[in-house]
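In this chain, numbering begins with 1 at the start of the sequence shown.
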Amino acid sequence: MTSYQDTYGRDLSDIKNAPIESYARAFFSAAPCWLVSLMRLRDQIAAVAGLKTSNAPSPADRKQFLEECKFHKGDRLGIFEVWENNAIQITLGQEDKHLDFRVIIGFKEMKDLNRIYIRTEVLIHNNLGKIYFFLIKPFHRFIAPVLLNRMIRKVQKV
């Protein structure tokens, strides 16, 4: 059962075809500087609260990971672990004592049209999870569409 779910998508009719791994790589390299700073702040607060932190890799390690990563189940980058990878979607996520989350990057085929989407699913376990998600949800609703658009632009430039 999911406590929260949202999906942001965009038509790909005018965008060159690329494998789902290209979009997942772009997801990890699409974050603007202000988002990287927010994630660092989140990690500092999470560490005090006893929650898992992202253990963000250095920029060089991140670049090497993204060049080499096949997005196999169990691969990790920061707080994200690969849970599933098939031809149409990659599921990333983390489980912690306060909540579990999944970020699904995928394709949806429709009549004469393809869409790329980012779906977020959150399962809240306790009051700490409720408070945490209450605080980050407004940021998430702004960040997810920004990342989707930046991902698409990165893939188009390749």
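A side-chain donor-acceptor contact under 3.5 Å links Ser3 to the backbone of Ile124. Counting only distance, with no hydrogens or angles, the side chain of Arg115 and the backbone of Gly9 share a donor-acceptor pair below 3.5 Å. Side chain of Arg150 to main chain of Ala30: a donor-acceptor pair is present (N/O by atom type, distance under 3.5 Å, no hydrogens or angles). Not a single donor-acceptor pair under 3.5 Å links the side chain of Asn114 to the backbone N or O of Phe107. Under the 3.5 Å distance criterion, the side-chain polar atoms of Asp75 are matched with a main-chain donor or acceptor of His72.
Among residue pairs with one or both ends in residues 78-93, those qualifying as salt bridge (Lys or Arg N to Asp or Glu O under 4.0 Å) are Arg76-Glu81; sequence neighbours excluded. Within the structure, no pair that satisfies the salt bridge (Lys or Arg N to Asp or Glu O under 4.0 Å) test touches residues 125-145, not counting sequence neighbours.
Nearest heavy atom pair, residue Gln89 against residue Arg119, reads OE1-NH2, 4.2 Å. When all heavy atoms are compared, the tightest approach of Gly129 to Leu99 is O-CD2, 4.0 Å. The minimum heavy-atom distance between Phe71 and Asn85, with the atom names listed, is O-ND2, 2.9 Å. Shortest non-hydrogen contact noted between Lys154 and Ser29 is CE-O, 2.8 Å.
One distance of note links CE of Met151 with CZ of Phe28; it measures 10.5 Å at 0.5 Å rounding. To the nearest 0.5 Å, atoms OH (Tyr8) and CD1 (Ile143) are separated by 10.5 Å. Rounding to the nearest 0.5 Å gives a distance of 10.0 Å between CG of Leu92 and CZ of Arg102. How far CD1 of Ile20 is from CG of Asn86: 8.5 Å, rounded to the nearest 0.5 Å. One finds the OH atom of Tyr23 at 6.5 Å from the CD1 atom of Ile152 (value rounded to the nearest 0.5 Å). Rounding to the nearest 0.5 angstrom, the gap separating the CD1 atom in Ile118 from the CD1 atom in Ile105 is 5.5 Å.
His98 and Asn127 share no donor-acceptor pair across their side chains, judged by distance under 3.5 Å alone. Inspection of the His125 and Asp100 side chains reveals an N or O donor paired with an N or O acceptor under 3.5 Å.
Considering only heavy atoms from C-beta on, Asp6 comes within 4.5 Å of His140 through its side chain.
The hydrophobic clustering, which links ILVMFWY residues whose side-chain heavy atoms are closer than 4.5 Å, places Phe101 and Phe142 together.
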Q | Step-by-step side chain to side chain contact (heavy atoms under 4.5 Å, CB included) determination, Arg10 to Leu148 | A | CA-CA 8 Å; Arg10 187 161 150 206; Leu148 176 66; 4.3 Å; yes

Q: Before giving the answer on ring pair (Phe, Tyr, Trp, His ring centres under 6.0 Å), spell out for Phe139 and Trp34 the whole-Å C-alpha distance, their side-chain angles and the decisive distance to 0.1 Å.
A: CA-CA 12 Å; Phe139 295 99; Trp34 57 263; 8.9 Å; no

Q | From CA spacing to verdict: side chain to side chain contact (heavy atoms under 4.5 Å, CB included), Tyr117, Lys108 | A | CA-CA 8 Å; Tyr117 64 86; Lys108 182 173 184 174; 4.2 Å; yes

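Taking Ile136 as the reference, Tyr132, Phe133 meet the side-chain contact (heavy atoms from CB on, under 4.5 Å) condition, with sequence neighbours excluded.
By the neighbour-count criterion of 12 heavy atoms within 6.0 Å, atom OH of Tyr4 is densely surrounded, having more than that number from other residues, nucleotides or ligands.
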